Amino acid sequence: MNLKKKLGSGLGQLLIPLIALAILLLFNLFRDPGFFSIRIAVNNAGNRVLTGNLISIIDLASELAIIAMGMTLVTAACGGQDISVGAVGAISGAVFVKMVQNFGGLNAGTFVLALLLAILVTILFKMFNGSLVAVFKIQPMIATLILYSCGRSIAYWINGDATPQLTSPILTAIGMTIPGIPVPTPIFLVLIVGILLALVFKFTNISLYTQSVGINQGAARLNGINPIAIKLLSFALLGVCVSVSSLIGISRLGQLNHKTLLVDIEMDAILAVAIGGNSLGGGKFKLSGSILGAYIIQMLTTTLYAMKVSPENVKAYKAIVIIIIVVAGSPVVKEKLTTLWKRLRSGAAARKEAA
Amino acid sequence: MQNDVVLKMRGIVKQFPGTRALDHVDFTLRKGEIHALMGENGAGKSTLIKVLTGVYGKDAGSIWIEGGGDEAHIHSPQDAQNIGISTVYQEITLCPNLTVAENMFIGRTSGSVVHWKDYEKRADELLKNLGIPARAKQELSRCSLAVQQMVAIARAVDMKCKVLILDEPTSSLDDKEVAMLFGLMRDLKARGVGIVFVTHFLEQVYEVSDRITVLRNGQLVGEFTTEELPQVELVAKMMGKDLNDLADFEAVGEKSTGANEVVYEASGLSSSECRPYDFNIRRGEVNGFTGLLGSGRSESVRAIFGADRVTGGKVRIKGKDVKITNPHEAMKNGIGYLPEDRKRDGIIADLSVRENIILALQVMKGFFHPMSKAQMTQFADEYIKALKIKTASQDTPIKSLSGGNQQKVILARWLLTHPDYLILDEPTRGIDVGTKLEIQKLVLKLAEENMSVTFISSEIEEMLRTCSRLIVMRDRKIVGELKGEQLTQSTVMKTIAGGEQ
Ligand SMILES: Nc1ncnc2c1ncn2[C@@H]1O[C@H](COP(=O)(O)OP(=O)(O)O)[C@@H](O)[C@H]1O
Ligand SMILES: [Mg+2]
């Protein structure tokens, strides 16, 4: 009884993603027992690093995990999703690269300055999205459709050159590993963003306010909360997440390709939020669920690639998972399952009585 | 069917999920009469009309129309129109940028070639005939609202109607325009049209209507001729009371008129939803707003809290000028507000009882000062005990509590902020009798502790038990203030009803 209650509240939301993760792990274990092996190898830069499927899954999921956290907040506050995160990520990258070029090269100082400017510009773009949603009450998907379709062109205008190259030890350290540390840096960045958000949650009321606004905006207002401000704030935080992810993406390749940087990440981010057991209709949320969702998606992708599924088909398989999860989480199915459960139980009780 | 009856509805039932909007309602309309359909908000007036006009299907009952032979089968607004039932809704549903004639005939022209010249001639004739001050070629948007309303009626009338339904046609008209509209209605009546008139303005009912049908909570209270039903009795019937049987009530405690010090004072306060009014409350006073549902009492107190867009007025709190334009400012000035619609405006359904209790206090403490979990738990515990809130635990989502317990949680939320002035709009609606008494006693106790409380309830007894002063509203205006000896059911009812009675 007690356990059931626990599952119903706290762990309940994470139950399904944890099961999904376990299924994927088991599947891979049977498919290829070597899938989980981790070795130490020397990479291009001459550093000793850990390599193996698990490490690369966790590493490659970093951009997604970070954006999924921001997406969770926007989803919770606004009851809808931002589909322009990839495109705005390209803008963030373009601003970063442009600034670095303007400053005449990368060193610690120019790096910080360029990154801060990129974050600032990204926040401004997100505030544009946010005000369409919060002030003009436009559906988030529609409000972000504009930047979804023209964001990459804006990135192109900012930067002219199609794929500017950037080589610097700083970027190598961000995109791969810091010399002496055998774990890829993006993994730490997820941790850092997660910890920062956790601190923000601890020292402000953002979590309570966001959930209140997402569940019942009118009632939240009557309790002195400003729903517009909360929605804008969620978009601003998403902007920071997008900028950080964009930086990781650029650092991995040492170049900016505005066409491919963070491409298609919006769908994965929404999927991560949903897999994490968060309602896409807003309200209560769990960041940990979305992060877990991001790793599940990356594991799914890596597994599919490992099974030599072509990239086009990978997309199709992922789409199937989206559909299954969204349908399974829909009120209709939930209600059906509950009544089914009740009927089974009352049936069992009746049988017991009869016996 | 009697000779002069044009419309007969019998045993109409309409079930919505969770509410029976109409429960075996009868309605009879005679030729050449103006028949007012009365009832508080939610009584089922609009639903009855929508069943009649085919907007909703009915779950039981039958409808007969004069000359229609057997039972009429109305499945769509088009069906209704074809058998001679025309409707003019509160919102004008014409096209403002077309001409008057186009508006009158659009969608009803026959053949493929439209001779607008002929139609314009016909329109002009009809307008002149009905005494409507508009010309056929005039663009509709250039006419006043009343004239637009009348054009809508002219359109309806020209469709050879036997039954004309006017659902709150006067709510956006001024007195002169209303007079014009009534002129037209009397004219149509003289031509034998049966008119169903829905309004919440009592005076208007007595001015034009011949007969009144009263609904309450989806049930028929009765049909009366206007002469035999004094205004105060109409109000009593709408509120579900019998004037001859106004039982005395038991006191639940000492009523408090409060100290001399005025805590809150507003002059000319108005919002997007309410007209300017003056109001004040003293320290430790309990007063109340009363009136029929929809009389504007909720809208008035919402203006105090800044719940709607405040459009004007001067507010003084403890003698100091303040500006309150949103709930947060009201809260900072020591005002709390428990809204009328608990589900829509009160509870944050998915959040826990604890979070729902501490919400307002947390907001007042500020965005950067979250309370510790221990503190929250302690506050929640304290109020769950004090108000005897029945919940499995603090972590239970508030939505799984019973209505009365949800209400106590919201009450706890505001008590926790220790307001100087607490507004309670229908705190006892939809909760059991025991809890009702508890809340009434609590209000008196709070007043004893020097809190000022404004209390609104649809149950007059409840207000008489708790309030030392009652502000009476009718048709969105304050029409009286009662205190002391005047605080009896019949005086309150008479003041609500107004008129000569
Ligand atoms: N479309 C609907 N769905 C569910 N409930 C409804 C609907 N329309 C009206 N109701 C309910 O039916 C009752 C009567 O409403 P209505 O006919 O609009 O009252 P009135 O016009 O007298 O104010 C109310 O309780 C209302 O909430
Ligand atoms: Mg109505």
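Labels below follow one simple rule: chain letters A, B, ... track the order of the sequence lines, proteins then strands, and each chain is numbered from 1. Quantities reported herein were computed from a predicted structural model and do not represent experimental measurements.
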Roughly how far apart are A:N223 CG and B:T417 OG1, rounded to 0.5 Å?
9.5 Å
Per-residue contact mode, B:R413 against chain A (heavy atom under 4.5 angstrom):
side chain
Tell me, for B:K343 versus chain A, whether the close heavy atoms (under 4.5 Å) come from the side chain, the backbone, both or neither.
backbone
Heavy-atom side-chain proximity of A:N216 to B:D345 below 4.5 angstrom:
no
Counting only non-hydrogen atoms closer than 4.5 Å, does B:I347 touch chain A with its backbone (N, CA, C, O), its side chain (CB onward), both, or neither?
backbone
For residues A:K202 and B:P370, determine if any side-chain heavy atom of one lies less than 4.5 Å from a side-chain heavy atom of the other.
no
Tell me, with the steps shown, if B:D350 and A:Q211 meet side chain to side chain contact (heavy atoms under 4.5 Å, CB included).
CA-CA 9 Å; B:D350 298 324; A:Q211 300 190 55; over 6 Å; no
A side-chain contact here means heavy atoms from C-beta on lying under 4.5 Å apart; do B:N326 and A:N226 qualify?
no
Contacting region of B:F368 [heavy-atom separation from chain A under 4.5 Å]:
both
Residues of residues 295-315 of chain B with any heavy atom under 4.5 Å of a heavy atom in chain A:
B:R302, B:F305, B:G306, B:A307, B:D308
Of the non-hydrogen atoms in B:F367 and A:L233, which two are nearest, and what is the gap between them?
CZ-CD2, 3.8 Å
Taking C-beta and beyond as the side chain, do B:L351 and A:L208 meet within less than 4.5 Å on heavy atoms?
yes
What heavy-atom pair brings A:A219 and B:G346 nearest, and what distance separates the two atoms?
CB-O, 3.8 Å
All salt bridge (Lys or Arg N to Asp or Glu O under 4.0 Å) counterparts of B:D341, not counting sequence neighbours:
none
